[in-house]
Amino acid sequence: MTGKLIDRLVAATVFVYSFVLYLATMAETTPFWDSGEFIAISNGLEVSHPPGAPFYMLVGRLFSMLSPVLGASSPEPIAFSVNLVSVLCSALTILVTHLVIVRLVRIWTGHPDTWTPAQRIGANAGGAIGALTFAATDSFWFNAVEAEVYAMSMLFTALVVWLALVWRDATRAEESALAKRGEHPFGLHADRYLVAIAYLFGLAIGVHLLNVLTLFFIALVVFFQKADRANWTTGQRIKGLLVTGVGAVGVFLVIYPGVVQTLPTLAGASGTPTLFVIAVLALLVGAVWYTQKKGMPLANLASLIIALVILGYSSYGLIFVRSAANPPIDENDPETAEAIVSYLKREQYGSTPLLTGTTYDNRTGRVDEQTTFPRRHSSVPQHVEVYAQYDSDWDYFWGYQINHMYVRYFMWNFVGKAADTQDATWISGLGERPSTGPTPSEQAGQNAYFWLPLLLGLIGIGVHVQRDWRRALAVGVLFLITGIGIILYLNQTPYQPRERDYSYVASFFAFSLWIGIGATGLIELATEALENKAVALRRATALAITAALFLVVPGWMAVENYDDHDRSGRRIATDFARNLLESTAPNAILLTNGDNDTFPLWYLQEVLGVRRDVRVVNLSLLNTPWYIRQLRDQASRESAPLPFSFTDADLDGISGPPTGR
């Protein structure tokens, strides 16, 4: 069996393992939160909550159309098929995670054609163990078995990281070949991978904005390949890294808010959005053509990248076309230029201060002190009560935002989770006595990993820094930006309505890369100690360590997490919604409070056709003019418009608190 065939078989096994794991535990209907909405809007091409997910909706619609085949054995084939999108995306993410780890390992072990049997086992074992550990983590598994955007978003993130490493290897090979021929490496064919990354960025915007944060990882990979020199002093390298960081921030701002928010704003301000779009397209096409004709490779690459980002972003046109058709689910009604900009900026949910603003003053007991880095910014009485328990913004930042809203989730995924309840702490299984109740759900939610995944990841950090500190720095930046960076941006208030661990899955992905590298490092350490022994003994030792690590880390995590992640028989959200709808009188008006009350009802009405005569009115949206207009002016399936007496002038004066999520 050739080495290349072994590599492919291991990768295929990783994919099949994760796909079967997620398919066996997938929700067959809608769970609570956003899944009911996403299944409904995918099936009918309707408009979801801001800022929308048009590319996800298109893929979901495709799977919905295939539901007679994909969901033939399910009592709810459309829900089954749309949930299957997350299963497939998650399994592909695990496959790409394996490939990323192998790419990172080969940077110091050399091309796979030069590997010894022990090196091949070490690289593939590290890739498999790191990827399958990530597959069994609490947060990623939760997203993998329901209709949500996070699984697809994570696939885009993993693909971009992998393509950046593929670009590096292809660039090195091409530059080496050109150097041997005495040619100057300028305008390489390998740069097509950067163009592909740009297109993925554009498509990913139509799913979730998380993917754009990988820019900083890519910037470091490019810097170390194109600019870094072996003879640089520490000061020169630090200066280069700072310049790279500033450049990455600049590119980030071009994409967000530049492309995502500013372009629609300018289009609306122009007065003729159609002509504006045509002008932008003409400018981009002209720039690509001109720079190609004049032999300007860097300018041509830059224009291609911008063009591909905008091309991918064009999926958002679907949102506005479908909103104009006035479907039953048409959140924010983004038909006018002003409404479109508001939709993309998520203005419905308000904003939080980042660098300056008012914060809680411990002396006055009010949110009225102007400061930099404001963390305690909400004037909601319940929030103010919590703020008073902290001595300063800095204390609140570390105690609540970092420790409670990130470190706790990190420990859930790599040490253990005390319970499947709100605000549950973490446990390791080594002597803690968590104060949890006796209910079966809480017992099922107690998952202890005995520190082993965390320990293996810490070993991986050490191995990575020693073997290849440059890529270790890039992975470290990815880990921090998608973890602590998001914490800084969100500036969360107390009493979150649900756990937010799903927001930091990309950070857990980065740490899982180190878990795989840690496994490779242990195998390398053992086989190097047996360097003078027979090849068969070294191979057997590598295989034995691989088996042991698989059993005690990803294998054990899968066993521990299976029961509380198995949604195959859970129907509480659907049954709740059906009971609620069927208990109402004909043509009733049903008032709901928020997402969990509303989205399962939408799913039953829009997908299963249950009680379409009932008008669902979401009180969380009822303080917005666009929603009242919809209820007043538009029918919804078999439900007539509601007899509101508000005039348009009355509605223009309505304002209320942000409808947060």
Side-chain angles (χ1 to χ4, degrees), residues 100-101 103-108 157 160-172 175-176 179 184-186 188 190-191 193-194 197 201 211-256 258 298 301-302 305 354-355 372-373 394 397-398 402 406 410 457-489 504 506-507 509-511 513-514 517-518 521:
V100 168
I101 295 170
R103 282 275 171 180
L104 291 171
V105 169
R106 63 186 277 182
I107 289 174
W108 73 79
T157 299
V160 165
V161 170
W162 177 68
L163 281 174
L165 297 174
V166 171
W167 170 86
R168 174 199 174 271
D169 291 347
T171 299
R172 286 175 63 86
E175 287 178 344
S176 178
H184 185 66
F186 201 60
L188 301 178
D191 289 342
Y193 293 111
L194 297 179
I197 287 172
F201 275 156
N211 188 256
V212 182
L213 295 178
T214 58
L215 264 171
F216 300 93
F217 173 88
I218 297 167
L220 286 176
V221 171
V222 172
F223 167 77
F224 286 124
Q225 177 57 36
K226 288 290 190 179
D228 189 35
R229 297 292 180 267
N231 60 353
W232 272 7
T233 64
T234 301
Q236 288 175 312
R237 186 165 286 117
I238 291 175
K239 182 180 178 180
L241 288 170
L242 290 175
V243 171
T244 300
V246 172
V249 170
V251 176
F252 177 85
L253 293 176
V254 167
I255 297 176
Y256 184 83
L298 288 179
L301 178 62
I305 285 174
L354 295 179
L355 300 179
T372 57
F373 195 62
W394 195 244
F397 172 65
W398 283 103
I402 295 293
Y406 177 76
F410 177 82
L458 294 176
I459 292 172
I461 294 174
V463 171
H464 207 187
V465 170
Q466 181 185 28
R467 302 284 194 176
D468 178 28
W469 69 267
R470 290 171 173 82
R471 261 56 60 180
L473 177 61
V475 174
V477 166
L478 178 65
F479 173 72
L480 292 174
I481 287 289
T482 55
I484 305 303
I486 292 178
I487 286 288
L488 289 169
Y489 175 75
Y504 315 109
S507 184
F509 158 78
F511 191 79
L513 302 182
W514 282 325
I517 291 173

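We number each residue from 1, following the sequence as shown.
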Inset, instruction - Start with the C-alpha gap between Phe217 and Val221, add the side-chain angles, then the distance that decides, and say whether side chain to side chain contact (heavy atoms under 4.5 Å, CB included) holds. - result: CA-CA 6 Å; Phe217 173 88; Val221 171; 3.7 Å; yes

Identify the heavy atoms of [X] and [Y] that sit nearest to each other, and give their distance.
X: Thr482; Y: Ala506; answer: OG1-C, 3.5 Å
X: Val463; Y: Trp108; answer: CG1-CZ2, 4.4 Å
X: Leu354; Y: Tyr489; answer: CD2-O, 3.2 Å
X: Arg237; Y: Phe223; answer: O-CZ, 4.2 Å
X: Trp167; Y: Ala190; answer: CD1-O, 3.2 Å
X: Lys226; Y: Arg229; answer: O-NH1, 3.4 Å

Inset, instruction - For the pair Phe410 and Phe511, name the ring-plane relationship: parallel under 30°, tilted 30 to 60°, perpendicular over 60°. - result: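 Rings of Phe410 and Phe511: perpendicular, over 60°.
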
Once rounded to the nearest 0.5 Å, what's the spacing between atom [atom1] of [X] and atom [atom2] of [Y]?
X: Arg467; Y: Ile517; atom1: CZ; atom2: CD1; result: 11.0 Å
X: Thr244; Y: Ile218; atom1: OG1; atom2: CD1; result: 13.5 Å
X: Phe252; Y: Leu213; atom1: CZ; atom2: CG; result: 5.5 Å
X: Leu480; Y: Ile486; atom1: CG; atom2: CD1; result: 11.5 Å
X: Ile305; Y: Ile197; atom1: CD1; atom2: CD1; result: 8.5 Å
X: Tyr504; Y: Ile484; atom1: OH; atom2: CD1; result: 9.0 Å

Inset, instruction - For the pair Gln236 (side chain) and Thr233 (backbone), establish whether a donor and an acceptor sit closer than 3.5 Å, ignoring hydrogens and angles. - result: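 Present.
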
For residues [X] and [Y], determine if any side-chain heavy atom of one lies less than 4.5 Å from a side-chain heavy atom of the other.
X: Leu104; Y: Val100; value: yes
X: Phe224; Y: Leu241; value: yes
X: Arg168; Y: Ile107; value: yes

Legend entry - Evaluation steps, side chain to side chain contact (heavy atoms under 4.5 Å, CB included), between Thr214 and Phe201: CA-CA 9 Å; Thr214 58; Phe201 275 156; 3.3 Å; yes

Inset, instruction - Go through the structure and list residues passing side-chain contact (heavy atoms from CB on, under 4.5 Å) with Val477, not counting sequence neighbours. - result: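 So Val477 forms a side-chain contact (heavy atoms from CB on, under 4.5 Å) with Phe216, Leu220, Leu473, Ile481.
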
Inset, instruction - Indicate, with yes or no, if the rings of Phe397 and Phe373 have centres closer together than 6.0 Å. - result: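 Phe397 vs Phe373: aromatic centres under 6.0 Å.
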
Legend entry - Aromatic centroids of Trp162 and Tyr193 separated by under 6.0 Å: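 Ring centroids of Tyr193 and Trp162 are no less than 6.0 Å from each other.
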
Legend entry - Working for salt bridge (charged side-chain N to carboxylate O under 4.0 Å, His left out), residues Arg172 and Asp169: CA-CA 5 Å; Arg172 286 175 63 86; Asp169 291 347; 5.6 Å; no

Inset, instruction - Determine, stepwise, if the pair Phe509 / Val161 fulfils side chain to side chain contact (heavy atoms under 4.5 Å, CB included). - result: CA-CA 11 Å; Phe509 158 78; Val161 170; 4.2 Å; yes

Legend entry - Worked check of side chain to side chain contact (heavy atoms under 4.5 Å, CB included) between Thr372 and Leu355: CA-CA 6 Å; Thr372 57; Leu355 300 179; over 6 Å; no

